[in-house]
Amino acid sequence: MPELPEVENVRNGLKKLILGKIIIDTHVLWSNIIKEPSVSEFQKKMRGQKIVDIKRQGKFLLFILNDYVLISHLRMEGKYRIEKATVPLTKHTHVVFELDSDEQLRYLDVRKFGKMSLVDKDKLHLHPSIKNLGPEPTVETLKTEDLIKALKKTERPIKACLLDQKTVAGIGNIYADEILYDAYIHPERKGNSLSSDEIEKLKTSIIGIMSDAVEKGGTTIRTYSNAFGVEGNYQSYLNVYGKKDETCQRCQHKIEKIKVAQRGTHYCPHCQKIGR
DNA sequence: CAAGAGGCCTGTTAGC
DNA sequence: TGCTAACAGGCCTCTT
């Protein structure tokens with residue numbers, strides 16, 4: 001499931017291939033992917049737009065066009081592929097952008113969970129998906145004060161706080177588990193129960209894990225791979241996610257899997273204590 | 001306002 | 001073995 005590191009790698013790959021290309025026409029094969037505007041309006045507005053830049057905010061991919069921004073969220077299994085127009089469409093292709101290069105930018109999504117919105121360029125920062133996103137997880141953008149503010153008054157489990165995109169943008173289920181393991185914090189600890197030292201450690205882990213994952217090309221599990229079918233490497237560095245009943249590398253105790261905020265959650269009960 | 005539940009989807013896996 | 005049911009999961013919408 002693409003989280004920030006995977007989306008960042010998709011962005012870099014797409015930039016190399018389609019920057020400066022013009023969208024001749026758009027075909028929508030599953031209309032629920034297009035959140036706004038209507039499909040016909042979407043097609044009309046896209047026609048003739050040039051792909052000027054590709055950016056990212058949290059897990060949202062932003063195609064910067066002449067007049068609009070295409071906000072694209074891959075959710076669980078969304079992928080982009082570039083193909084020659086003559087290559088037959090595969091089963092899970094839902095949106096096709098015809099480019100001026102005889103190629104097509106294709107959006108594939110097995111579960112059809114992904115969403116696209118086309119918004120006016122000057123209204124991007126007002127869009128509900130974008131305007132509530134918290135800081136990006138880098139040294140320059142994520143401050144201790146941000147975390148203190150987000151956590152000090154909430155009884156929610158820290159895992160739920162990390163998954164909330166208002167706290168930090170771009171963390172999903174895999175990296176939330178990895179971050180909490182790295183910071184020695186139990187996923188069910190209440191937000192307001194963390195000490196200053198723990199918040200400081202959490203910040204360091206958030207920034208460290210996310211940048212490391214970006215650098216290693218993201219995590220490839222199950223069906224996920226980036227725009228070119230290239231796989232990331234970070235799955236080899238996971239410590240707890242998907243490691244139920246395996247041995248903790250730090251203390252040799254067994255990794256456990258529980259449910260927190262309705263999400264599968266992996267942790268080491270010895271390294272990440274609930275009390276204290 | 002905060003926070004939890006339900007809905008969107010389909011391929012894979014667990015269980016009878 | 002062959003079927004059905006549960007599960008996976010990010011975000012939005014609705015409810016409390």
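Values in this document were obtained by computation on a predicted structure and should not be read as measured data. Because only heavy atoms are used, hydrogens play no part in the values below, and waters and symmetry mates are left out as well, while side chains stay in.
Using a 4.0 Å cut-off between charged side-chain N and carboxylate O, A:Arg263 and A:Asp177 make no salt bridge.
The nucleotide whose nearest atom lies closest to any side-chain atom of A:His92 is, among C:dC11, B:dG11, B:dC8, B:dG11. When the nucleotides C:dG10, B:dC9, C:dC12 are ranked by their closest atom to the side chain of A:Arg75, C:dG10 comes out on top. Residue A:Lys91 has its side chain nearest to B:dG11 when only C:dC12, B:dG11, C:dG10 are considered. The side chain of A:Lys59 approaches C:dC11 more closely than any other nucleotide in the set B:dC9, B:dG4, C:dC11. With distances taken from any side-chain atom of A:Phe60 to the nucleotides B:dT10, C:dC12, B:dA5, the minimum falls on C:dC12. Considering only side-chain atoms of A:Asn32, the nucleotide from B:dC9, C:dG9, B:dG4 that sits closest is B:dC9.
Seen from the ring of A:Tyr184, A:Lys201 does not count as a face-on cation partner, given the 6.0 Å and 45° thresholds.
Backbone-only contact: A:Tyr241 has heavy atoms under 4.0 Å from sugar-phosphate atoms and none from a base. Within the nucleic acid shown, A:Lys257 comes within 4.0 Å of sugar-phosphate atoms alone, with no base atom in reach, counting heavy atoms only. A:Lys259 comes within 4.0 angstrom of sugar-phosphate atoms only, judged by non-hydrogen atoms across all strands, and of no base.
Going from atom NZ of A:Lys159 over to atom P of C:dG10 covers 8 Å, rounded to whole Å. The distance between atom CD of A:Glu155 and atom P of B:dA3, rounded to the nearest whole Å, is 9 Å. For the pair A:His73 NE2 and C:dC12 C1', the computed distance is 11 Å after rounding to whole Å. Spacing between atom CD of A:Glu77 and atom P of C:dC11 amounts to 15 Å, rounded to whole angstrom units.
Between the side chain of A:Lys55 and the backbone N or O of A:Phe60 there is no donor-acceptor pair closer than 3.5 Å.
Between the side chain of A:Arg111 and the base of C:dA8, at least one donor-acceptor pair of N or O atoms lies under 3.5 Å.
The aromatic rings of A:His253 and A:His270 sit parallel, their planes meeting at an angle under 30°, below the 60° perpendicular limit.
The aromatic ring of A:Phe113 stacks onto the base of B:dC8, its centre lying under 5.5 Å from the centre of the six-membered base ring with the two planes under 30° apart.
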